[in-house]
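Worksheet: the structure to be examined is printed underneath.
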2 protein chains.
Amino acid sequence: MVLDGQDRWRLNNALPISSQIYALLRDRIVRNEFAPGERISEAEIAKLCEVSRQPVREAFIKLAGENLLEIRPQRGTIITKIAYTAVLDARFLREAIEADIVSILASRSDTALVRELRDQVSRQRELGQSRSAEFIQLDEHFHHTLAQEAGKGGAWKLLEGLKSQMDRVRFLSLSQFPIGRLVAQHSALVDRIERGDVSGANAAIRTHLREVLTDLPSILAANPQFFDLPDGTVLQPANAPIQGGIDHEH
Amino acid sequence: MVLDGQDRWRLNNALPISSQIYALLRDRIVRNEFAPGERISEAEIAKLCEVSRQPVREAFIKLAGENLLEIRPQRGTIITKIAYTAVLDARFLREAIEADIVSILASRSDTALVRELRDQVSRQRELGQSRSAEFIQLDEHFHHTLAQEAGKGGAWKLLEGLKSQMDRVRFLSLSQFPIGRLVAQHSALVDRIERGDVSGANAAIRTHLREVLTDLPSILAANPQFFDLPDGTVLQPANAPIQGGIDHEH
DNA sequence: GCTACCATACTGCCATACTAGTACTCAAAA
DNA sequence: TTTTGAGTACTAGTATGGCAGTATGGTAGC
C-alpha cells in the first residue's frame with residue numbers, strides 16, 4: 001500500500017471508529033487510490049490510524065460485503081479488481097430503478113422540484129470541464145434528489161452498495177468525462193419532467209446512464225490491470241440496448 | 001429472546017465461527033423465529049453458542065448491513081421490523097432485473113435449459129399444497145437458475161441482500177401460499193421461453209412476482225406488530241402497476 | 001402522589017493477547 | 001543445480017477484559 005508520506009490518518013471522535021475507517025477506506029478504494037489486486041492488512045491500517053485492529057477488522061467486513069475487499073482467511077486481504085460483469089450488472093439495475101423514478105416524477109409535475117433541479121443543473125454547468133471530481137459529487141446529489149422526491153429514497157439506499165463497482169469505473173474515467181454532454185442531458189431530463197413527458201423522461205434517463213459507461217471498453221484497454229475479466233469475455237459496448245428488450249404492461 | 005429450551009446452538013468447525021453465527025441468525029430472522037422489535041444481545045448469543053462475543057459481533061454487523069438488525073450504540077440491538085416500503089422497493093428491483101433475465105432467455109431458446117426448467121416445475125408440482133416451506137426453496141432455486149443461465153448470476157448475488165425483507169414476508173404468508181397458481185405461472189413462463197415469446201415471458205414473470213406479495217395487506221393486518229409503517233402510509237395493493245408507467249426504447 | 005436524582009445493571013465499542021494457518025527465506029541434502 | 005524442509009514472519013480468527021454511554025428501578029425530597 002502507498003502510504004501518504006508518514007502521516008497518520010486523522011479521525012474525529014463523533015462517530016464510532018469502525019464507521020470512520022469504513023468510510024475512509026471505501027472512499028479511497030472507490031477513487032482507485034489503492035491498486036486493485038494490492039494487499040491490505042488490518043494491522044497496517046490500524047497502525048496508520050493509531051487504533052487497534054478490531055475496528056479496522058469490522059470495517060474490512062463491511063467492505064468485503066460490498067465486494068471491495070476479498071478477505072482470505074489466514075492469507076491476507078486484497079483490494080478486489082473491478083469486476084467487469086458486475087459493472088454491467090450494476091448499470092442494468094440502476095437503469096431500471098431510475099427509469100421508474102423519473103416516470104413517477106414526470107407524472108406529477110412538481111414545480112418546486114423542477115426549480116430545485118434547475119438550480120442543481122446550473123451549478124453543474126458552472127463547474128466547467130476541469131472539475132470532474134466535484135462534478136461526480138453534484139451528479140450523485142442530482143440523482144439522489146430524483147430518488148428522494150419520488151419516494152424511493154429507501155430503494156436508493158439499497159442500491160448504494162451495488163453502485164460501488166460502477167463508481168470505481170467513473171473515477172477511472174475522470175479525465176475523459178464529457179461533462180458538458182452530461183449536464184445537457186440532465187437539463188433535457190428536467191425539461192421533460194416539467195412537461196410531464198413520461199416516456200420522454202424515461203428515454204432521457206436511460207440514455208444518460210448509458211453515457212456514463214460509454215467509454216468502458218477504452219478504460220479497460222487503458223487499465224487492464226484494474227479489471228477482473230471472466231474467461232472468454234467478449235468485449236462489447238457497455239451502452240448496447242438490453243438484449244431481448246423490455247416490455248412492461250400497464 | 002426465546003431460547004430453544006436450554007440447548008446450545010451447535011456449530012461445526014469447518015467454517016469461521018462468525019460465518020456460522022451469521023447464517024444461523026439470518027435464517028432464524030428471515031423465518032420470523034425472532035419477533036421483530038425484540039432485543040438481542042451479543043453476550044446472550046455468545047453464551048448460547050459457547051463462543052466469545054467477538055464473532056457474534058461480526059455476525060451482527062453483517063446482519064445490520066442487510067437491515068435485519070439495528071445496532072444502537074450503547075443501547076442495544078434489536079430485530080428490525082419488516083419495513084413495509086422496503087418490501088415494495090425490493091419487489092420493484094427484483095421485477096426489473098428478472099424481467100430482463102427472462103427476456104434474454106426467451107430470445108435464445110435453449111432446449112437444454114427448457115428441459116431443466118420443466119424438471120424443476122414438475123418437482124414443484126409434486127410437492128402439493130401442504131409443503132410451503134419446501135416450495136420456497138424450490139422456487140428460490142428456479143429463479144436462481146433463470147438468472148444463472150442468462151449470465152446474470154452476479155446480479156442475482158447482488159440482489160440477495162435486498163431480498164431479505166421480501167423473504168420475511170414470504171415466510172409470514174406461508175399458510176396462504178397459492179402454490180398451485182405459482183407453479184402454473186412457472187410453467188407458463190417456461191412455455192413462453194421455449195416459444196421465444198419475449199414480451200410474453202416478460203409479462204409472465206412480472207405477473208408472477210406480483211403474485212407473491214398479493215396478500216401483503218392482509219398479512220400486514222394479521223401481523224401488525226411485525227411491520228414498520230412510516231407515518232401516513234396509505235395501504236394499497238402491492239401488485240398495483242408501477243406509477244407513471246415504464247417505457248423502454250429498443 | 002409526583003418529580004428529581006442516583007446507583008446499578010446492562011449495552012455495544014475498543015484494546016490487548018493469543019491461536020492457528022499460510023507464505024516466504026534460506027540453508028542443507030540429493 | 002535442484003529439491004526439500006525447517007524456521008520465521010507474516011496473516012486473519014478468536015477470547016477476554018475494561019471502558020463509556022444508556023436504560024431502569026428505586027429512593028429521597030417535595
Side-chain angles (χ1 to χ4, degrees), chain A residues 1-3 8-26 29 34-80, chain B residues 1-3 8-26 29 34-80:
Chain A
M1 190 189 70
V2 180
L3 302 180
R8 61 173 287 222
W9 293 353
R10 300 258 162 212
L11 307 176
N12 63 53
N13 47 12
L15 289 172
I17 294 179
S18 59
S19 303
Q20 296 184 56
I21 306 270
Y22 164 78
L24 194 147
L25 288 177
R26 185 185 187 283
I29 295 172
F34 294 105
E38 187 180 12
R39 290 185 55 163
I40 180 174
S41 89
E42 297 176 357
E44 187 181 11
I45 301 297
K47 191 175 173 188
L48 205 57
C49 300
E50 294 179 0
V51 296
S52 78
R53 270 181 49 221
Q54 211 53 52
V56 176
R57 174 173 171 71
E58 292 169 9
F60 274 30
I61 291 174
K62 278 196 266 190
L63 292 168
E66 293 183 29
N67 275 313
L68 293 178
L69 293 183
E70 180 188 350
I71 300 176
R72 298 178 300 175
Q74 271 71 45
R75 302 207 292 162
T77 299
I78 58 176
I79 314 286
T80 55
Chain B
M1 190 187 70
V2 180
L3 302 180
R8 61 173 287 221
W9 293 353
R10 300 259 162 213
L11 307 177
N12 63 54
N13 47 11
L15 289 173
I17 294 178
S18 58
S19 303
Q20 296 184 58
I21 305 272
Y22 163 78
L24 194 146
L25 288 177
R26 185 184 186 284
I29 295 172
F34 293 106
E38 188 179 11
R39 290 185 56 162
I40 180 174
S41 88
E42 296 176 356
E44 187 181 11
I45 302 297
K47 191 175 174 188
L48 205 57
C49 301
E50 295 179 359
V51 298
S52 77
R53 297 199 328 266
Q54 209 51 52
V56 176
R57 173 173 172 71
E58 292 171 8
F60 275 29
I61 291 173
K62 278 196 265 189
L63 291 168
E66 292 183 30
N67 275 312
L68 293 177
L69 294 182
E70 180 188 351
I71 300 176
R72 298 178 300 176
Q74 272 72 45
R75 301 208 290 165
T77 298
I78 59 176
I79 313 287
T80 55

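Protein chains get the first letters and strands the later ones, always in sequence-line order, with residue 1 at the start of each.
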> Counting side-chain heavy atoms from CB outward, which of D:dG18, C:dA23, D:dA15 is closest to B:Arg53?
Replying inline: D:dG18
>> Applying salt bridge (charged side-chain N to carboxylate O under 4.0 Å, His left out) to B:Arg39 and B:Glu44, what does each step give before you reach the verdict?
In response: CA-CA 10 Å; B:Arg39 290 185 56 162; B:Glu44 187 181 11; over 6 Å; no
> Among C:dC13, C:dC14, D:dG13, which nucleotide sits nearest the side chain of B:Ile71?
Replying inline: C:dC13
> For B:Arg57 and D:dG13, what is the distance between atoms CZ and C1' respectively, to the nearest whole Å?
Replying inline: 15 Å
>> What I'd like to find out is whether the side chain of A:Ser18 reaches to under 4.5 Å of the side chain of A:Gln54, using heavy atoms alone.
In response: no
> Out of C:dT11, C:dC14, D:dG13, which nucleotide sits closest to the side chain of B:Ala43?
Replying inline: C:dT11
> For DNA chain C, whose closest nucleotide is more 5', that of B:Gly76 or that of A:Pro55?
Replying inline: B:Gly76
>> D:dA23, OP1 or OP2 - any side-chain N/O from B:Arg75 closer than 4.0 Å?
In response: yes
> Does B:Ser18 put a side-chain nitrogen or oxygen below 4.0 Å from OP1 or OP2 of D:dG13?
Replying inline: no
> Rounding to a whole Å, what distance do you find between A:Ile61:CD1 and C:dC14:P?
Replying inline: 13 Å
>> Is the shortest side-chain heavy-atom distance between B:Val56 and B:Cys49 below 4.5 Å?
In response: no
>> Rounding to an integer number of Å, can you tell me how far B:Phe60 CZ sits from C:dT11 P?
In response: 10 Å
>> Can you tell me which nucleotide in C:dG12, D:dG13, D:dT14 comes closest to the side chain of A:Gln74?
In response: D:dG13
> Just wondering, do B:Leu68 and B:Ile79 contact through their side chains at under 4.5 Å, heavy atoms?
Replying inline: no
> Roughly how many Å is it from CD in A:Glu58 to P in C:dG12, rounded to a whole number?
Replying inline: 12 Å
> Any idea which of C:dC14, D:dA15, D:dG21 is nearest the B:Ser52 side chain?
Replying inline: D:dA15
> OP1, OP2 of D:dT11 versus side-chain N and O of A:Ser41: anything below 4.0 Å?
Replying inline: yes
> CD1 of A:Ile78 versus P of C:dT22: gap in Å, rounded?
Replying inline: 16 Å
> Whole Å only: how far is the CD atom of B:Gln54 from the P atom of C:dC14?
Replying inline: 11 Å
>> Tell me whether the side-chain N/O atoms of B:Arg72 come closer than 4.0 Å to OP1 or OP2 in D:dT22.
In response: no
> Between atom NZ in A:Lys47 and atom C1' in D:dT11, what is the gap in whole Å?
Replying inline: 16 Å
>> Output the rounded distance in Å from CD (B:Glu42) to P (D:dG17).
In response: 16 Å
>> I'd like to know whether B:Tyr22 forms a side-chain contact (heavy atoms from CB on, under 4.5 Å) with B:Glu66, so could you lay out the CA-CA distance, the side-chain angles of the two residues, the decisive distance to 0.1 Å, and finally the verdict.
In response: CA-CA 11 Å; B:Tyr22 163 78; B:Glu66 292 183 30; 2.3 Å; yes
